[in-house]
Amino acid sequence: ARATETSRRMGTRTAAQGPLGRILAAGYAYGDGLIRLWNVATGGLLGLLEGHKGWVSSLVFSSDGQTLFSASADQTIRVWSIAEKRELNRLQGHTGGVTGMALAPDGKTLVSCAEDGSVRAWDPQSDRATASRAHVALPVHVAPFGAPFTADRRRFITASRVAPVTIWSIATATEIERIPALGTNNQ
């Protein structure tokens, strides 16, 4: 009940449920850039994760539920310890708000996309000192709304006005398949 009231007041932008189903992380479109952690069974607030300077656009839990990744309009991805409720790392490199992300099932690659049209593959295990250099920019410029991820979170899809629809592997950050343009207005 309490989580529902906050969602109505703040405008939930994104939510992710931990792998055991006990914790719900929620980011909001309006307000303070906080991430709220909720107890799914009781609806009670478990804690706050503070650091983003813009609205939170995407949340992803690690497979063990100990780590949460958050993307924001402030152009950063933050890595959080759920147990300690503190920031572990900050990934920077996008020049537009980060609109989406997905974590490979093995936890070794995080892929993000942003309003600047970029798609980046990150090593989420890298330390704070090297995190800003521990990524690779993929050779694609996507539409301003980012790249959708497949339901199994193993692939993502990019499209733009000048490139074919392309399916990418999250684990290896490599191209899997190109789908040629369809219709009569395409070259």
Side-chain angles (χ1 to χ4, degrees), residues 1-94 96-107 109-116 118-122 124-125 128 131 142-157 170:
R2 288 174 276 183
T4 304
E5 291 167 16
T6 301
S7 294
R8 252 186 250 133
R9 225 177 34 253
M10 300 295 290
T12 304
R13 170 73 168 109
T14 184
Q17 191 168 9
L20 299 177
R22 296 181 187 144
I23 297 175
L24 179 73
Y28 299 89
Y30 310 107
D32 49 22
L34 291 174
I35 298 164
R36 289 164 176 79
L37 302 174
W38 301 98
N39 179 311
V40 172
T42 67
L45 184 65
L46 296 172
L48 302 171
L49 302 177
E50 185 176 358
H52 283 297
K53 304 297 181 212
W55 51 270
V56 178
S57 57
S58 184
L59 296 166
V60 176
F61 274 98
S62 61
S63 60
D64 64 5
Q66 299 299 307
T67 306
L68 179 71
F69 300 89
S70 61
S72 173
D74 68 8
Q75 303 174 6
T76 68
I77 297 168
R78 312 259 174 151
V79 183
W80 305 92
S81 164
I82 294 299
E84 299 173 23
K85 295 178 184 56
R86 70 176 184 91
E87 184 179 317
L88 299 173
N89 203 349
R90 186 176 310 165
L91 306 176
Q92 296 175 289
H94 289 291
V98 184
T99 56
M101 63 181 171
L103 184 64
D106 65 6
T109 306
L110 180 75
V111 174
S112 61
C113 53
E115 291 173 342
D116 62 8
S118 66
V119 177
R120 296 187 181 272
W122 308 84
Q125 310 295 321
R128 184 180 294 274
V142 298
F145 298 108
F149 299 96
T150 58
D152 64 6
R153 305 189 75 71
R154 294 177 191 268
R155 293 163 289 173
F156 66 97
I157 303 163
I170 291 172

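- Shortest non-hydrogen contact noted between Tyr28 and Trp38 is OH-NE1, 3.2 Å.
- Residue Phe61 holds its CZ atom at 9.5 Å from OG1 of Thr67, rounded to the nearest 0.5 Å.
- Thr150 contributes a side-chain N or O that, together with a main-chain N or O of Arg155, makes up a donor-acceptor pair within less than 3.5 Å.
- Interatomic distance, Trp80 CH2 to Asn89 CG, rounded to the nearest 0.5 Å: 11.5 Å.
- Of all non-hydrogen atoms in Pro124 and Gly107, the two that sit nearest each other are CG-O, 3.3 Å.
- Taking CG of Leu59 as the start and OG of Ser72 as the end, the distance is 10.0 Å to the nearest 0.5 Å.
- In this view, Gln17 and Leu24, Val40 satisfy the side chain to side chain contact (heavy atoms under 4.5 Å, CB included) rule, not counting sequence neighbours.
- A search for salt bridge (Lys or Arg N to Asp or Glu O under 4.0 Å) contacts involving Asp106 returns nothing, not counting sequence neighbours.
- Applying the side-chain contact (heavy atoms from CB on, under 4.5 Å) test between Leu49 and each of Leu68, Val56, Leu34 identifies Leu68 as the sole match.
- In this structure, CZ in Phe69 is found 6.0 Å from CG in Leu110, a value given to the nearest 0.5 Å.
- Take Arg86 and apply the side chain to side chain donor-acceptor pair (under 3.5 Å) test, not counting sequence neighbours, and it matches Glu84.
- A donor-acceptor pair under 3.5 Å links the side-chain atoms of Arg78 to the main chain of Gly51, judged by distance alone.
- Residues Val60 and Met101 approach most closely at CG2-O, 3.8 Å, considering heavy atoms.
- In this structure, Gly96 and Ala114 approach most closely via the heavy-atom pair O-CB, 3.7 Å.
- Residues Ser70 and His52 share a closest heavy-atom pair of OG-NE2, 2.6 Å.
- In terms of modelled atom types and a separation under 3.5 Å, the side chain of Ser57 and the main chain of Ala71 share a donor-acceptor contact.
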Derivation and outcome, side chain to side chain contact (heavy atoms under 4.5 Å, CB included), residues Leu48 and Glu50
CA-CA 6 Å; Leu48 302 171; Glu50 185 176 358; 5.7 Å; no
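- Atom NZ of Lys85 is separated from atom CD1 of Ile35 by 12.5 Å, given to the nearest 0.5 angstrom.
- Here the closest non-hydrogen pair linking Asn39 and Ala41 is OD1-N, 2.8 Å.
- The NZ atom of Lys53 lies 9.5 Å from the OG1 atom of Thr76; values are rounded to the nearest 0.5 Å.
- Counting only distance, with no hydrogens or angles, the side chain of Ser118 and the backbone of His94 share no donor-acceptor pair below 3.5 Å.
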